[in-house]
**Student:** 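What follows is a single structure, and I will ask about it in a moment.
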Amino acid sequence: MKPTSKELLEEVSKHCSNQLTLYKFNTTTLKISNKYREGRLTALEYIGELTYFYLQEEKKIQVQFKEQIIKQLKSHSCLEDTDYKQGLYDALNETLSLQGVVVEPFPSLNAED
C-alpha cells in the first residue's frame, strides 16, 4: 500500500536525521572531501526544514477541516427542527467524532419531552 503524505514526510525526516548524524560526526571514517560533506549537510538540513514545514501544514489541514465542519453546523442551526436537520447534524457530528471532537448534539427529534 502506498504511504500517506504524513508517513512519507516522517520517513524522509527520519532518514535526514540519520544522514545528518552520519555526515556530521564521522569525519575520519568516511572517505569524502570536506566540500562534499558540506554540500551533503546543507542539502540534508534544507530537506529536514522542508519536511518539518510540511508536517506543520498537514496539522493545519486537520484543524481547518474541523473548523469547516463546525461552520456547517452553525450555518444550519437556523433550520427548523426536521428530520433533514437531524440527518445533517448526525452526519456532521459523526465526522467530528472521528477526529475526537465532541460537539453538543442536536436534540433528537424522536425524543419525548
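Heavy-atom basis, side chains included; hydrogens, waters and symmetry copies ignored. Numbering of residues begins at 1 and proceeds along the displayed sequence.
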**Student:** What are the two closest heavy atoms between Lys66 and Leu96, and how far apart are they?
**Tutor:**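 So the minimum-distance heavy-atom pair works out to CG-CD2, 3.7 Å.
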**Student:** Does any non-hydrogen side-chain atom of Asn18 lie less than 4.5 Å from one of His15?
**Tutor:**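 Result no, sub-4.5 Å side-chain heavy-atom pair not found.
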**Student:** For a 4.5 angstrom cut-off between non-hydrogen side-chain atoms, does Gln86 reach Thr82?
**Tutor:**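 Contact flag for Gln86/Thr82 side chains = no.
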**Student:** Going by side chain to side chain contact (heavy atoms under 4.5 Å, CB included), name the residues that satisfy it together with Asn26, two or more places apart in sequence or in a different chain.
**Tutor:**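 Counting only residues at least two positions away or on another chain, Asn26 forms a side chain to side chain contact (heavy atoms under 4.5 Å, CB included) with Leu22, Thr29, Leu30.
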**Student:** Could you pull out all residues at least two apart from Ser13 that satisfy side chain to side chain contact (heavy atoms under 4.5 Å, CB included)?
**Tutor:**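 Side chain to side chain contact (heavy atoms under 4.5 Å, CB included) check on Ser13 returns Thr51.
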**Student:** Please answer: with hydrophobic residues joined when any side-chain heavy atoms are less than 4.5 Å apart, are Tyr52 and Leu8 in the same cluster?
**Tutor:**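 No, Tyr52 and Leu8 fall in different hydrophobic clusters.
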**Student:** Between Gln56 and Phe53 (side chain of the first, backbone of the second, donor and acceptor by atom type, cut-off under 3.5 Å), is there such a pair?
**Tutor:**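 No, Gln56 side chain to Phe53 backbone: no donor-acceptor pair under 3.5 Å.
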**Student:** A quick test of your reading: do over 12 heavy atoms of other residues, nucleotides or ligands sit less than 6.0 Å from CD of Glu94?
**Tutor:**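 Check fails, neighbour count at 12 or below.
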**Student:** Compare every heavy atom of Cys16 with every heavy atom of Gly48, then report the nearest pair and how far apart it is.
**Tutor:**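 Closest pair (atom of Gly48, atom of Cys16, distance): N-SG, 4.2 Å.
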**Student:** Would you say Leu50 ends up clustered with Val12 if hydrophobic residues are merged whenever their side chains have heavy atoms under 4.5 Å apart, either directly or through other cluster members?
**Tutor:**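 Yes; tracing contacts between hydrophobic side chains, which count when under 4.5 Å, links both residues.
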**Student:** How many angstroms lie between atom CG of Asp90 and atom OG of Ser97, to the nearest 0.5 angstrom?
**Tutor:**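 Here the rounded value is 10.5 Å.
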**Student:** Quick one: do Tyr23 and Ile47 end up in the same hydrophobic cluster if we chain Ile, Leu, Val, Met, Phe, Trp and Tyr together by side-chain heavy atoms under 4.5 Å apart?
**Tutor:**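 No, it is not one cluster - the side chains of Tyr23 and Ile47 are not joined through contacts under 4.5 Å.
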**Student:** Within this structure, what is the NZ-CD distance for the pair Lys6 and Glu11, rounded to the nearest 0.5 Å?
**Tutor:**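 With rounding to 0.5 Å, NZ (Lys6) is 14.0 Å from CD (Glu11).
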**Student:** Could you work out, with side-chain hydrogen bond (donor to acceptor under 3.5 Å, both in side chains) as the rule, every residue matching Gln62, not counting sequence neighbours?
**Tutor:**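 Per chain and number, Gln62 pairs via side-chain hydrogen bond (donor to acceptor under 3.5 Å, both in side chains) with Glu58.
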**Student:** Once you round to the nearest 0.5 Å, how far does CG of Leu79 lie from CG of Leu88?
**Tutor:**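 It comes to 7.0 Å.
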**Student:** Side chains of residues 68-76: which donor-acceptor partners sit under 3.5 Å, not counting sequence neighbours?
**Tutor:**
residue: Ser75; atom: OG; partner: Lys71; partner atom: O; Å: 3.4
residue: Ser75; atom: OG; partner: Gln72; partner atom: O; Å: 3.0
residue: His76; atom: ND1; partner: Gln72; partner atom: O; Å: 2.8

**Student:** Step by step, work out the side chain to side chain contact (heavy atoms under 4.5 Å, CB included) result for Ser77 and Tyr89.
**Tutor:** CA-CA 9 Å; Ser77 65; Tyr89 271 49; 3.3 Å; yes
**Student:** Which pairs pass side chain to side chain donor-acceptor pair (under 3.5 Å) with one or both residues in residues 30-49, sequence neighbours excluded?
**Tutor:**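 As it turns out, the side chain to side chain donor-acceptor pair (under 3.5 Å) pairs with a partner in residues 30-49, which skip direct neighbours, are Gln19-Arg40, Tyr36-Arg40.
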**Student:** Linking Ile, Leu, Val, Met, Phe, Trp and Tyr through side-chain heavy atoms less than 4.5 Å apart, which residues share a cluster with Ile61?
**Tutor:**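 Its cluster partners, ordered by chain and number, are none at all.
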**Student:** Run the salt-bridge test on Lys60 and Glu57 with the 4.0 Å N-O cut-off and return the result as yes or no.
**Tutor:**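 Salt bridge present between Lys60 and Glu57.
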